[in-house]
Q: 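The following block contains the structure, expressed as structure tokens.
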Amino acid sequence: MEKVKREILIDSSEILTPLFGEYDRNMAQIEKSFGVHVNVRDSKLSVTGEAPGVDGALATIGDMVEVIKKDKGISADTTHYLIEMQMKGVNGQYAKMMDDIICFTTRGKPIKAKTLGQHRYIEAIRHNDIVFGIGPAGTGKTYLAMAMAITAFKNGDVTRLILTRPAVEAGEKLGFLPGDLQDKVDPYLRPLYDALFEIMGPEAFERNMEKGLIEVAPLAYMRGRTLENAYIILDEAQNTTPAQMKMFLTRFGAGSKVIVTGDITQIDLPSGKRSGLIEAQRVLKGIKDIAFIDFDYSDVVRHRLVQRIIEAYEKYDQAYAARHPEEEKDESSDSSDKKKRSKKRHRDD
């Protein structure tokens, strides 16, 4: 295929410097991904290569420029994500969602979607009473749910925050941990506390906890209650049984909103127990005001290697299932061999 050369004008060093990145790292990603050569002279940036690659590179560079204008810079990870979206035929949307800030941390850092999957999740939470966020570790399911809940609480949209997790033993026995019952289950709830401290601040958290306006508790504590005018988050929902999931979903009352998060590749239930999260996907899909948002490895916002690790495990599991179909009959992922493999993956979100 014949090579072409196309040019665009970058009339500001404030854009050009971050566009290329430290040691030209961003442009190196562009050149490698699209098979092109990028050069700049004066204010003209030229891209040379085969036409499809040049078109993809220029479209991605255009997205990068928009991000830089809004954020005053761009990271290598964001560049990688924009390239990936261009490869999938989805571009031009990232910069638009950057204006959608949920809230700020106590240090003034804005909390907002970093991927299109996260943005769909946020929009689903805004427009539905029950939202399931399902996907691998590192996709921000729990953190964004917490940000939305705390924002609603601060704005007076709800009067209480109820945050819960099933306290499922994952290789360790709760009875051997020191302290009373609350001390034993606190390690399972630590990611929820961490998010509360970062977004709300420890003093505000303690004050609202004392008033009973914020509750962080194991799932078993939800039985027999009706939770009205509250934001209710169930985290690690893949470790609920169908009975627990049904119990939880029937707790919420008028003026409440429910968010359920989980990763069906990391089930710690005893062998033979079905996951309530997997069953809920089958039972509840299609019901009005209940939304299911599926994340994949492209939504991972941790180190880029986490994306590759998750993708590698997905490919391995698919290949293993093809070789051993008899072990994949139980779709709830409860076979001991699959659980052993899944437990090797990153856990907390």
Side-chain angles (χ1 to χ4, degrees), residues 60 63-64 66-68 70-71 73-105 109-152 163 191-192 194-196 198-199 231 233-238 257-266 277 281 290-311 314 345-349:
T60 304
D63 286 343
M64 293 171 66
E66 292 302 313
V67 171
I68 293 167
K70 292 177 181 292
D71 262 9
I74 187 168
S75 67
D77 285 340
T78 300
T79 300
H80 175 78
Y81 182 71
L82 292 175
I83 291 170
E84 196 169 68
M85 290 300 98
Q86 177 62 37
M87 296 290 194
K88 292 181 178 180
V90 182
N91 66 300
Q93 300 179 38
Y94 188 89
K96 295 177 183 177
M97 75 181 191
M98 291 178 63
D99 294 327
D100 188 5
I101 297 173
I102 301 171
C103 61
F104 293 86
T105 67
K109 178 184 175 182
I111 298 176
K112 54 189 176 182
K114 294 182 179 180
T115 71
L116 297 179
Q118 289 187 352
H119 192 249
R120 286 194 299 271
Y121 181 52
I122 292 168
E123 286 297 297
I125 292 172
R126 285 173 175 152
H127 298 107
N128 294 274
D129 293 330
I130 300 177
V131 175
F132 289 80
I134 303 172
T139 50
K141 304 182 300 292
T142 301
Y143 190 79
L144 291 174
M146 295 288 288
M148 294 292 287
I150 292 169
T151 300
L163 314 170
L192 301 179
D194 291 344
L196 279 166
E198 183 173 350
I199 301 171
Y231 226 108
I233 297 175
L234 170 60
D235 192 33
E236 295 290 323
Q238 75 275 5
K257 188 181 286 283
V258 169
I259 306 176
V260 179
T261 68
D263 177 359
I264 59 176
T265 69
Q266 295 189 23
L277 180 58
Q281 286 180 285
I290 299 180
F292 286 83
I293 302 297
D294 294 313
F295 296 90
D296 61 28
Y297 69 90
S298 67
D299 294 304
V300 173
V301 292
R302 294 179 181 170
H303 194 286
R304 204 182 316 158
L305 272 178
V306 177
Q307 288 189 5
R308 297 173 187 169
I309 290 168
I310 292 169
E311 188 178 12
E314 286 178 355
R345 303 179 186 180
H346 294 257
R347 291 190 177 279
D348 292 323
D349 211 359

Q: Which value, rounded to the nearest 0.5 Å, describes the distance between Ile111 atom CD1 and Met146 atom CE?
A: 10.0 Å
Q: Are Lys88 and Tyr94 in a cation-pi setup, meaning NZ or CZ lies under 6.0 angstrom from the ring centre and within 45 degrees of the ring axis?
A: no
Q: Would you check if Leu163 and Asp235 make a side-chain contact, meaning some heavy-atom pair closer than 4.5 Å?
A: no
Q: Can you tell if the side chain of Leu234 reaches within under 4.5 Å of the side chain of Val258, non-hydrogen atoms only?
A: no
Q: Please report the shortest heavy-atom distance between Gln281 and Phe292, naming the atom on each side.
A: CA-CE2, 3.7 Å
Q: What I want to check is whether the side chains of Asp77 and Ser75 have a donor and an acceptor closer together than 3.5 Å.
A: no
Q: Knowing that exactly one of Leu116, Val131, Asp299, Thr139 qualifies, which makes a side-chain contact (heavy atoms from CB on, under 4.5 Å) with Tyr121?
A: Val131
Q: Assess the residue pair Gln118 and Tyr143 against the criterion (side chain to side chain contact (heavy atoms under 4.5 Å, CB included)); give the C-alpha distance rounded to whole Å, side-chain angles, the decisive distance to 0.1 Å, and a yes or no.
A: CA-CA 11 Å; Gln118 289 187 352; Tyr143 190 79; over 6 Å; no
Q: Would you give the length of the straight line joining atom OG1 of Thr78 to atom CD1 of Ile83, rounded to the nearest 0.5 angstrom?
A: 11.0 Å
Q: Distance from Thr142 atom OG1 to Ile233 atom CD1, nearest 0.5 Å?
A: 8.0 Å
Q: With a 3.5 Å distance limit and no angle check, can you tell me whether Lys141 reaches the backbone of Ile134 through a side-chain donor-acceptor pair?
A: no
Q: Kindly compute the distance separating NE2 (His119) from NZ (Lys96), expressed to the nearest 0.5 Å.
A: 11.0 Å
Q: Is the backbone N or O of Gly262 less than 3.5 Å from a side-chain atom of Gln238, with the two atoms forming a donor-acceptor pair by type?
A: no
Q: Give me the atom names and distance for the closest heavy-atom approach of Ala113 to Met97.
A: O-CE, 3.8 Å
Q: Enumerate the salt bridge (charged side-chain N to carboxylate O under 4.0 Å, His left out) contacts for residues 110-122, please, sequence neighbours excluded, ordered by first and then second residue.
A: Asp71-Lys112
Q: Which of these, Asp294, Leu277, Ile259, sits in a side-chain contact (heavy atoms from CB on, under 4.5 Å) with Phe132?
A: Leu277
Q: Distance check, rounded to the nearest 0.5 Å: Asp100 atom CG versus Ile102 atom CD1?
A: 7.0 Å
Q: Between Lys70 and Asp99 (side chain of the first, backbone of the second, donor and acceptor by atom type, cut-off under 3.5 Å), is there such a pair?
A: no
Q: Keeping the roles fixed (side chain from Asp63, backbone from Leu82), state whether a donor-acceptor pair exists under 3.5 Å.
A: no
Q: Can you name the residues that form a side chain to side chain donor-acceptor pair (under 3.5 Å) with Glu123, not counting sequence neighbours?
A: Arg126
Q: To the closest 0.5 Å, what do you measure between CE (Met148) and CD1 (Ile125)?
A: 5.0 Å
Q: Tell me the closest heavy-atom pair linking Ala195 and Ile150, and the distance in Å.
A: O-CD1, 4.4 Å
Q: If we only count heavy atoms from C-beta on, is the Asp263 to Phe295 side-chain gap below 4.5 Å?
A: no
